[in-house]
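One structure is given below, encoded as structure tokens.
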Amino acid sequence: SIHGRAVLANHSGACDLVIKQNDKIVAGIQVKPDSFYHKNLSYVKELQDKLEYPVHDLIYDKEGNWTNYLSVVSNFL
């Protein structure tokens with residue numbers, strides 16, 4: 001099941017979505033604009049690396065279109 005906006009335990013960051021299997025978080029998804037990645041915010045990657053599960057970045061462009069939807073969704077098929 002997918003649960004929206006879960007705060008990450010022991011971290012100040014948050015995932016926009018978490019994916020659970022048998023009540024255990026197995027992955028997270030952060031939704032970000034593509035302009036966010038031009039800022040090279042390494043602290044976000046550092047927070048993600050401290051988690052016990054992978055975090056996938058779902059990116060949208062300035063028109064609101066997903067730029068990597070299929071590659072993110074394919075992680076869960």
Side-chain angles (χ1 to χ4, degrees):
S1 63
I2 297 176
H3 299 263
R5 197 77 185 149
V7 176
L8 305 177
N10 301 321
H11 298 285
S12 60
C15 283
D16 296 305
L17 298 168
V18 293
I19 309 302
K20 288 186 172 185
Q21 184 174 31
N22 299 323
D23 291 325
K24 179 182 178 191
I25 297 174
V26 295
I29 297 175
Q30 285 196 322
V31 179
K32 300 288 183 200
D34 59 1
S35 60
F36 179 84
Y37 293 94
H38 300 297
K39 297 178 183 177
N40 193 21
L41 299 175
S42 60
Y43 74 90
V44 172
K45 184 67 177 153
E46 291 172 12
L47 282 175
Q48 290 177 352
D49 289 343
K50 292 178 182 178
L51 297 173
E52 297 177 2
Y53 51 86
V55 177
H56 305 280
D57 297 316
L58 182 58
I59 303 167
Y60 60 92
D61 62 19
K62 62 183 175 182
E63 287 83 35
N65 298 310
W66 302 117
T67 63
N68 66 334
Y69 176 80
L70 290 178
S71 64
V72 171
V73 170
S74 68
N75 289 292
F76 306 104
L77 299 178

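Count residues from 1 along the sequence. This one's a predicted model, so the numbers in the text were calculated from it and none came from an experiment.
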Value for NZ (Lys32) from CG (Asp57), rounded to nearest 0.5 Å, stands at 8.0 Å
Considering all heavy atoms, the nearest Ser74-Ser71 contact
OG-O, 2.8 Å
Heavy-atom side-chain proximity of Ile29 to Val72 below 4.5 angstrom:
yes
To the nearest 0.5 Å, what is the distance between OG on Ser35 and CG on Asp61?
10.0 Å
Could you measure the distance from the CG atom of Asn68 to the CG atom of Asp34? Nearest 0.5 Å is fine.
10.0 Å
Evaluate the side-chain proximity of Tyr53 to Val26: yes if any heavy-atom separation is below 4.5 Å, no if none is.
no
Which atom of Gln30 lies closest to which atom of Cys15, heavy atoms considered
CG-CA, 4.2 Å
Is Tyr60 close to Thr67 at the side-chain level, that is, under 4.5 Å between some pair of heavy atoms?
no
Should Trp66 and Leu58 count as side-chain neighbours, where that means a heavy-atom distance under 4.5 Å?
yes
Taking atom NZ of Lys24 and atom CD1 of Ile19, what is their separation to the nearest 0.5 Å?
14.5 Å
Tyr69 OH: over 12 foreign heavy atoms closer than 6.0 Å
no
